[in-house]
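Letters go in sequence order (proteins before strands), and every chain restarts at 1.
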Protein chains: 2
Amino acid sequence: MSVKNKEPRPYHHGDLRQALVLASIAILKEEGATALTLRSAARRVGVSHAAPKNHFGDLRGLFAAVAIAGFRGLAKALHEARSGRDARLGLVAAAQAYVRFAMESPGAFRAMFHPVLAERSIVPELEEASRAAFAELVTGIVAAQAAGVVTPGDAEGKSLTAWSFVHGLASLAVDAQLTGKGISTPPEVLAALGAQHLFDGLGNVGGAAEKRAMKRATPGKTRPKARTKAKKESA
Amino acid sequence: MSVKNKEPRPYHHGDLRQALVLASIAILKEEGATALTLRSAARRVGVSHAAPKNHFGDLRGLFAAVAIAGFRGLAKALHEARSGRDARLGLVAAAQAYVRFAMESPGAFRAMFHPVLAERSIVPELEEASRAAFAELVTGIVAAQAAGVVTPGDAEGKSLTAWSFVHGLASLAVDAQLTGKGISTPPEVLAALGAQHLFDGLGNVGGAAEKRAMKRATPGKTRPKARTKAKKESA
DNA sequence: GGAGTATGTTGACATCGTCAACATGAAAGC
DNA sequence: GCTTTCATGTTGACGATGTCAACATACTCC
């Protein structure tokens, strides 16, 4: 089947499961979400169309495997964004990292929140990977509370608000909802702007936070974002 | 073909386009997003499998028609939520209405942000319906600024932050990301909570907003402590 | 070294989106 | 009134997909 290989491939692949996951991620990146099918992944690896069934059962299993890898990559990106920064800047960087992840891997991002995985409790590993990614955010909020830059109490509720914001922004950006509305600001900048909104509040009229925000809003103040490396293939 | 009707149906339906859109919405509500196909919609209406092609061209056209109806319904819900309330409570109610819309019509919600509609500029009506829904939020923010409960300036940026938050929360709820993380609070309550976070800010430590928030959060005597007992197994 | 099992292949089936060719009937032109 | 035109709907077909059953191969463990 495979065009690229003429020599007799061994009957057993060795690590077909891993190869199929990597191929799926590549397909998502190169051809979009609709192009990922059990057969297309099998084709890319060079195995028969029914081979994936042994490893993933059905299409949902393949999506789940991709989503697990995605959540782990996201958790890692969030962790790296915070590390080495103070609590507040770390949270801003994490927000930007979340959006950047979605923009750079829209296919994987969509797979992670694909409707077929709605009842993901069936796949404990996926449940755990998702929980771990969220935990990164909670940790960031707790650290910010310890540093005195976020009000104490209800860390989980506040994390959820923050998560909702970054997830919504990422989703809107990925689904191209920001275009055609006169919004030209890059999503990553919007992430930083929204993070400031969240910190300072939209309703503190005349308060110190508003003055701080105005001061920050002066042009030429945007941090040169650190160019981040490409995604790693290992997982 | 239709099981429900034996009498000779007229060759021409009359308003097949509208009937197909309504059937699609019903399918989305009753059977989920994956069940909506050109053929299933045609079956439900009782026409041949290729009839939808005359009205929608391809599958994307059907999704676009459903999404247009969805955005109009969402805009209406947002408008009604704000009307009759003061600026701040109106925005809170709008946030809850957004989440409620998604929870009550998850299929339509997913169709509105379906990947196949990513370049929706091809369908001007969809572009306009989406814009109108967003405009409802901007109007709410502007009204809140006029009422003095939101800081002045950059109404669009602030609307975008608010939109990102409600859209993210709605998406997470629809995709069942809130389950399995120890989050039992209903999404509508989370919408109101997050709206308060957005108004007051998460970072105004010791400020007036924090005191207001504490006052609101304490029905009895319990002083909010930074006691996060969420995670019990993750380490 | 043989048995049992995990891993891949082949072929089949129903369903899907899409197309081309055709049927029907309403609207428009004369 | 009659015909022409064309939007609307049907039929049949095609390739692609997910999934299954039957079979082939090769690894592992006793």
Quick note, B:H49 side chain, CB onward, closest among D:dT19, C:dC19, C:dG8 is C:dC19

Round to a whole Å and report the spacing from CZ of B:R43 to C1' of D:dG9. 17 Å

Separation of D:dT17 atom P from A:F56 atom CZ, nearest Å, is 17 Å

Selected nucleotide, minimal atom distance to B:A50 side chain, candidates D:dG18, C:dT10, D:dG12: D:dG12

With a 4.0 Å cut-off, would you call A:E128 and A:R72 a salt bridge? no

In whole Å, what is the span from the CG atom of A:L38 to the P atom of D:dC20? 11 Å

Minimum heavy-atom separation for B:E156 to A:G182, with atom names? OE1-O, 3.8 Å

Name the residue closer to the 5' end of DNA chain D, choosing between B:L16 and A:S40 according to the nucleotide with the nearest heavy atom. B:L16

Below the 4.0 Å mark, does D:dG9 have OP1 or OP2 next to a side-chain nitrogen or oxygen of B:R17? no

Are the charged groups of A:R44 and A:E31 less than 4.0 angstrom apart, N to O? yes

Could you state the CG-P distance from B:D15 to D:dA7, rounded to the nearest angstrom? 17 Å

Take the protein atom NZ of A:K53 and the nucleotide atom P of D:dA22, then report the distance between them rounded to whole Å. 13 Å

For A:L62 and D:dT17, what is the distance between atoms CG and P respectively, to the nearest whole Å? 13 Å

From the list A:F101, A:F134, A:F109, ring-ring contact (aromatic ring centres under 6.0 Å, His included) with A:H167 holds only for A:F109

Whole angstroms only, please: what is the CZ-C1' distance between A:R44 and D:dT17? 18 Å

Indicate, yes or no, whether a donor-acceptor pair under 3.5 Å links the base of D:dG18 to the side chain of A:D58. no

Does A:H55 have a side-chain nitrogen or oxygen under 4.0 Å from the phosphate oxygens OP1 or OP2 of C:dG8? yes

Does the distance from a Lys or Arg side-chain N to an Asp or Glu carboxylate O, for B:R85 and B:E80, drop under 4.0 Å? no

Go through the N and O atoms of the side chain of A:R39 and the base of D:dT19, and report whether any donor-acceptor pair is under 3.5 Å. yes

I need the CZ-P distance between A:R60 and D:dG18, as an integer number of Å. 15 Å

Closest to the B:T37 side chain, choosing from C:dT7, D:dT10, C:dC16: C:dC16

